[in-house]
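Structure first, then comments.
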Protein chains: 2
Amino acid sequence: MKRALPRVFTRNSGKSDGVLMNVEDRRVKRTQRLLAKALITLTLEKGYDVVTIRDITERADVGYATFFRHYHDKDELLEDVLDVVLAEMLELLLPANGADPAAMGTLIFRYVGEHSEVCRVLTGSMPLTRKLITLGTQSVRGDTLPQAASIVPPEIVAHHIVASSVALIQWWLEHDMPYPPERMGAIYAALIVQPTGATALSG
Amino acid sequence: MKRALPRVFTRNSGKSDGVLMNVEDRRVKRTQRLLAKALITLTLEKGYDVVTIRDITERADVGYATFFRHYHDKDELLEDVLDVVLAEMLELLLPANGADPAAMGTLIFRYVGEHSEVCRVLTGSMPLTRKLITLGTQSVRGDTLPQAASIVPPEIVAHHIVASSVALIQWWLEHDMPYPPERMGAIYAALIVQPTGATALSG
DNA sequence: TTCGATATGATATACAATATATCATAAGAT
DNA sequence: ATCTTATGATATATTGTATATCATATCGAA
């Protein structure tokens, strides 16, 4: 017997059936890190869709063909970046769960501000923004809202909260973060959480 | 004397300095209409970014090179579509200005429902969605909100109203329009207009 | 530390799509 | 009616994607 699969071929969330690569190998992690960083930098320099894979590999100082050993295309690489960001935000927000909305909002905007370049790129991609909103909506529906008998279906309420939050983040980034995270947290609470909560109950 | 510029070279909003084409010529209008229709159809069939210009020209039954006589690239063609949609919605909403929010919302969702294919494509493009939200925000800021002394800056309030509305439309389209326009108009009023108005005043 | 496994670099190449140029023809404008 | 111009057809330069191959370097495990 040949010892059952000692290696770890985990492609992110197991969705992509395509390129397999041992993510425990230092070389692999190094290459993927370099590629991700290059994509972010180049996207901020000249826009996501005009960045070529040759651009990325040259900036990352990595062989051109190496890219395709890890990802099928640019979008798959960018999705990897989103997964990392989502995991980080989740572990940031989980401990603070149940705190008051303004404090939660402050945490969110503090994180976004500290990773503004990556977030700018991610929120510039429609597929990733959709994915983000979908995941967030599911989470919000699970967490709160054991409500009923409103004009507005709970599914829409959850979607509205998440989509509005993402939009607020986008506004903040596009305007070069003119207010500090604490102020944005307060705005988040006053503009999104509080009114929507009231609507879900009474409306 | 040679008669000063009898022709009309209007490239949409005069922004693109690139391809000039007499938009009063029937042939031009016909070609552009065919190209736009082909792009919409193909995008719904297999996704915007994998649609090639050759696809478009073949579906439109138009010479390949002809495309570049009208647009630099796919995105410019799609922007043309957005301009038409925006103009139509504007003339739909202007007469009803000042009516109650639910009625306005019903008008909006009725229009979206009747043009769901085009709207699906447009709201799937991040640059166009941004443009739409920016224009809408300016309009809302001009219309209403002579307010002051709130935690939430009026600029953010306006942005929130528009972005939330677009998000609600996106939700509706993505879920295959499960409620009629009248219901969506009521939801729009209860979820977005009424709470945000209250926040802008009191919050 | 050694050894087998494997990720990488460098290179060549097939292929697809963009973008432009040219010229004859057909369609529209006046 | 005729002058203008948009189109079709075609060729071509250019760019970017995607895959294959082989020697080398790096890694993990014993």
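Each chain gets a letter, A, B and so on, in the order its sequence line appears, and its residues count up from 1.
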Could you check how far [atom1] of [X] sits from [atom2] of [N], rounded to whole Å?
X: A:D55; N: D:dT17; atom1: CG; atom2: C1'; result: 13 Å
X: A:Q32; N: C:dT6; atom1: CD; atom2: P; result: 17 Å
X: A:I56; N: D:dA18; atom1: CD1; atom2: P; result: 11 Å
X: A:Y71; N: D:dT17; atom1: OH; atom2: P; result: 16 Å
X: B:F67; N: D:dA9; atom1: CZ; atom2: P; result: 18 Å
X: B:E58; N: D:dA9; atom1: CD; atom2: P; result: 11 Å
X: A:N22; N: C:dG4; atom1: CG; atom2: C1'; result: 15 Å
X: A:D49; N: D:dT17; atom1: CG; atom2: P; result: 12 Å

Should [X] be listed as having a side-chain N or O under 4.0 Å from OP1 or OP2 of [N]?
X: A:T66; N: C:dG9; result: yes
X: B:T31; N: D:dT7; result: yes
X: B:H70; N: D:dA6; result: no

C:dA10, D:dA18, D:dG8: which one has an atom nearest the side-chain heavy atoms of A:D73?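 Among C:dA10, D:dA18, D:dG8, the one nearest the side chain of A:D73 is D:dA18.
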Candidate nucleotides C:dT8, D:dG8, D:dA18, ranked by approach to the side chain of B:V62 - the nearest: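 So the nucleotide nearest the side chain must be D:dG8.
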Any donor-acceptor pair, under 3.5 Å, between the side chain of B:R69 and the base of D:dG8, if you only look at N and O atoms? yes
So, does [X] use its side chain to make a donor-acceptor pair with the main chain of [Y] at under 3.5 Å?
X: A:D75; Y: A:L78; answer: no
X: A:D83; Y: A:L86; answer: no
X: B:Y188; Y: B:I169; answer: no
X: B:R120; Y: B:L44; answer: no

Show me the pairs that pass side-chain hydrogen bond (donor to acceptor under 3.5 Å, both in side chains) and involve residues 101-114 of chain A, at least two apart or across chains.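 Those involving residues 101-114 of chain A are A:E88-A:Y111, A:R110-A:E182.
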On DNA chain C, nearest-nucleotide positions of A:D61 versus B:D25: which is more 5'? A:D61
Please, which pairs that meet ring-ring contact (aromatic ring centres under 6.0 Å, His included) have at least one residue in residues 77-110 of chain B, sequence neighbours excluded?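 Qualifying pairs, neighbours excluded: B:F109-B:W172.
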Bend of the helix from C:dT1-D:dA30 to C:dT30-D:dA1 from end-axis comparison, five pairs per end, nearest 10°, comes to 60°
Atom pairs under 3.5 Å: protein N/O with N/O of nucleotides 24-26 of chain D:
| residue | atom | partner | partner atom | Å |
| --- | --- | --- | --- | --- |
| D:dT26 | O2 | A:R27 | NH1 | 2.7 |

Students often mix this up, so state it plainly: with edges at 30° and 60°, are the rings of B:W171 and B:H175 parallel, tilted or perpendicular?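 Ring orientation, 0 to 90° scale: parallel.
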Do any pairs count as a salt bridge (charged side-chain N to carboxylate O under 4.0 Å, His left out) and have a residue in residues 41-50 of chain A, sequence neighbours left out, and if so which ones? A:E45-A:R59, A:K46-A:D55
Take A:D61 and A:L34 through the test side chain to side chain contact (heavy atoms under 4.5 Å, CB included) and record every step on the way to the result. CA-CA 8 Å; A:D61 197 30; A:L34 290 174; over 6 Å; no
Report, as a single string ordered 5' to 3', how protein heavy atoms within less than 4.0 Å touch nucleotides 12-18 of chain C: B base, S sugar-phosphate only, - not at all. -----SB
Heavy-atom check, side chain of B:V193 versus side chain of B:I161, under 4.5 Å: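 No, too far: nothing below the 4.5 Å cut-off.
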Any side-chain heavy atom of B:R183 sitting closer than 4.5 Å to one from A:P153? yes
How close do B:G124 and A:M126 get, heavy atom to heavy atom, and via which atoms? O-CG, 3.3 Å
